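Input: a single structure, listed below in structure tokens.
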Amino acid sequence: MSHVIIVGAGAAGLFAAGTALAQGHRVTLVEHAPKPAQKLAITGKGRCNLTNHCQPEEFLKNIRHNPRFLYSCITALPPAAVMDLFETQLGVPLKTERGRRVFPQSDRAEDVIAALLRYAEGAAMVKGEGAELLFGPENRVTGLRLADERELLADAVLVATGGLSYQSTGSTGIGYTLAKQAGHSIVPPVPSLVSLVERGSTAKKMMGLSLRNVELTLWEEKKAVFKEQGEMLFTHFGLSGPLVLSASAYLGNLQKKRYHVTIDLKPALTPEQLDTRIQRDFAEVLNRDALHSLDKLLPNKMRPVMLQLWGVPPTQKVNQITREERRRLVELIKKFPIEIADRGDLAHAVITAGGVAVKEVDPKTMQSKLAPGLYFAGEVLDVDGYTGGYNLQIAWATAYAAARAI
């Protein structure tokens with residue numbers, strides 16, 4: 001029986017603990033946050049999108065950085081195996097929704113956390129923060145020194161500390177520090193799946209307004225790089241919500257290229273159908289001011305902003321609106337524009353891109369190529385996917401590979 005120290009009791013850490021216990025190992029989980037798996041509690045709007053119901057080949061197409069590194073572990077533990085484990089062993093009935101996203105039937109992330117805690121039952125939980133790896137001959141990792149100077153000895157140390165995203169849930173980046181101590185290179189962490197900061201104040205004027213069933217397109221210069229339908233939110237700094245987080249993963253270098261989004265506020269209508277709808281609305285308010293021409297068409301917070309972009313004077317009578325002005329309104333409703341200045345910050349990103357360079361990690365075992373006895377799993381590695389359950393699947397698969405190898 002080996003003694004395994006797992007640094008971090010999040011998704012990857014708890015899953016690795018359960019897998020290692022099933023192997024017959026003695027496991028110690030080291031966690032500094034008040035509660036384990038705090039970030040898991042807020043994923044998928046608190047519903048926990050725990051994987052994506054697809055084949056490994058399709059899964060790898062949705063990995064942004066280093067998909068080939070994940071080939072072995074995703075083949076060993078594909079999404080179907082994760083779903084089976086959660087349903088049959090851990091007692092969490094699942095359902096598959098749009099985009100093959102998999103959720104617990106209860107829509108409660110707490111049920112997934114409770115299942116993982118049951119899976120990891122039998123592991124010793126140590127409250128504290130890992131500060132320093134302990135090394136033996138030939139750079140072999142032999143344990144962990146905590147920030148309070150306690151020393152824990154082990155046959156293997158698995159770093160599953162996450163990245164730097166959602167720091168309010170306990171992410172500190174300590175995993176990068178531990179990796180550097182063993183000689184690892186760190187690809188600079190940047191926010192991914194993050195809100196977008198606008199250039200200007202269009203969104204700010206509609207702060208708090210949530211839109212459903214709209215279609216958002218992200219443009220790199222004149223090329224559309226993302227298009228999807230769903231929900232989004234205007235904030236004091238720009239744009240947020242599920243659609244925006246998905247789109248953010250397609251951003252490149254904002255210093256070299258300009259980006260903007262357009263929002264189709266009525267994706268179910270063609271421009272011709274929308275024009276007919278607008279004419280019908282106008283007919284009911286012909287003698288009123290243009291200010292009231294959008295009452296049935298748009299949410300209250302959006303009307304003055306749209307009117308300003310439209311360029312029609314608020315006091316102009318509806319019966320004086322020209323065909324050309326109506327055509328311009330159709331265009332704005334189908335392609336409402338927001339210029340993008342920047343990504344949101346790391347503290348509020350769903351996922352951190354970057355991390356431990358994968359060329360220095362064995363893709364079959366997740367063991368360090370530089371320090372025997374040191375393993376990595378989850379977001380601390382330089383692998384990340386688009387939104388839709390791919391990032392949690394990375395956590396499960398890398399954790400499983402590490403624990404099985406140990």
Side-chain angles (χ1 to χ4, degrees), residues 6 8-23 27 29 31 35-60 62-63 70 73-123 125 160 162 166 169 193 212-213 228-231 241-242 245-246 350-351 377-379 385-401 403-404:
I6 299 174
L14 290 173
F15 198 84
T19 307
L21 287 165
Q23 300 273 108
V27 177
L29 274 162
E31 176 58 63
K35 289 182 181 177
Q38 286 192 50
K39 186 178 172 188
L40 204 55
I42 59 173
T43 59
K45 287 186 168 180
R47 296 172 61 217
C48 192
N49 177 195
L50 57 85
T51 190
N52 189 283
H53 193 185
C54 64
Q55 295 300 315
E57 299 76 25
E58 186 63 29
F59 176 86
L60 294 172
N62 286 277
I63 302 304
L70 294 171
C73 72
I74 208 67
T75 304
L77 188 79
V82 169
M83 292 171 68
D84 183 62
L85 188 144
F86 270 97
E87 289 203 298
T88 60
Q89 283 191 51
L90 303 183
V92 182
L94 303 175
K95 59 181 177 179
T96 303
E97 297 186 358
R98 183 178 59 85
R100 305 184 305 258
R101 291 167 165 88
V102 178
F103 294 89
Q105 282 184 19
S106 64
D107 285 330
R108 287 168 43 89
E110 291 90 346
D111 292 349
V112 176
I113 296 169
L116 287 170
L117 289 171
R118 288 195 301 273
Y119 194 40
E121 203 171 340
M125 187 76 78
Y166 274 126
T169 63
L193 306 186
R212 301 182 70 178
N213 301 319
E228 198 169 297
Q229 199 166 319
E231 297 177 35
L245 298 182
S246 298
V350 175
I351 288 294
E379 197 181 341
Y386 296 114
T387 185
Y390 301 104
N391 290 290
L392 271 178
Q393 176 64 35
I394 291 172
W396 315 132
T398 53
Y400 182 81
R404 292 280 292 183

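Everything numeric in this text was worked out from a predicted model, so none of it was measured. All values below were derived from every heavy atom in this structure, side-chain atoms included, with hydrogens, water molecules and symmetry-related copies excluded. One-based numbering along the sequence shown.
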- Item | Pair E379-K39, side chain to side chain contact (heavy atoms under 4.5 Å, CB included): steps then yes or no | CA-CA 12 Å; E379 197 181 341; K39 186 178 172 188; 2.8 Å; yes

- Item | Rounded distance [0.5 Å steps], OG1 in T75 versus CD in Q55 | 10.5 Å

- Note on the structure: side chain to side chain donor-acceptor pair (under 3.5 Å) test vs N52 passes for just one of R101, Q393, R100, namely R100

- Message: Check whether E31 reaches the backbone of A9 with its side chain - one donor and one acceptor, N or O, closer than 3.5 Å.
- Response: yes

- Item | Option passing ring pair (Phe, Tyr, Trp, His ring centres under 6.0 Å) with W396 (candidates Y119, F59, Y390, F86) | F86

- Task: Without swapping roles, check the side chain of N49 against the backbone of V102 for a donor-acceptor pair under 3.5 Å.
- Result: yes

- Does a donor on one side chain sit under 3.5 Å from an acceptor on the other, for Y386 and N62? no

- Item | Atom of T96, atom of H53 and distance for their closest heavy-atom approach | OG1-ND1, 3.6 Å

- Message: For a quick test of reading the model, state the closest non-hydrogen atom pair linking P56 to P78 and the distance between them.
- Response: CG-CB, 3.9 Å

- Message: Run C48 and D111 through side chain to side chain contact (heavy atoms under 4.5 Å, CB included) and show every step you take.
- Response: CA-CA 9 Å; C48 192; D111 292 349; over 6 Å; no

- Message: Are the side chains of T51 and L392 in contact, using a 4.5 Å heavy-atom criterion?
- Response: no

- Task: Kindly determine whether R47 and E97 satisfy salt bridge (charged side-chain N to carboxylate O under 4.0 Å, His left out), including the steps that lead there.
- Result: CA-CA 12 Å; R47 296 172 61 217; E97 297 186 358; 2.5 Å; yes

- Task: Grab the two heavy atoms, one from A11 and one from L40, that are nearest each other, plus how far apart they are.
- Result: CB-CD1, 4.1 Å

- Message: Closer than 3.5 angstrom, by distance alone: can the side chain of R118 be matched with the main-chain N or O of L90 as a donor-acceptor pair?
- Response: yes

- Considering all heavy atoms of both residues, which atom of A401 and which atom of C73 are nearest to each other, and what is their separation? CB-CB, 3.9 Å

- May I ask you to test the L117-P36 pair for a side-chain heavy-atom distance under 4.5 Å? yes

- Which atom names give the shortest non-hydrogen contact between A37 and L14, and what distance separates them? CB-CD1, 4.0 Å

- Is a side-chain N or O of T398 found less than 3.5 angstrom from the main chain of G378, in a donor-acceptor match? yes

- Message: Just so I know, are the side chains of L77 and F15 near enough to count as touching, which here means a heavy-atom distance under 4.5 Å?
- Response: yes

- Distance (rounded to the nearest 0.5 Å) between N391 CG and L193 CG: 5.5 Å

- Query: Does Q105 use its side chain to pair, donor to acceptor, with the backbone of L94 at less than 3.5 Å?
  - Reply: yes

- Task: For residues L29 and A17, report the shortest heavy-atom separation together with the two atoms involved.
- Result: CD1-CB, 4.0 Å

- Task: Pick out which of I351, I74, I63 makes a side-chain contact (heavy atoms from CB on, under 4.5 Å) with I394.
- Result: I63

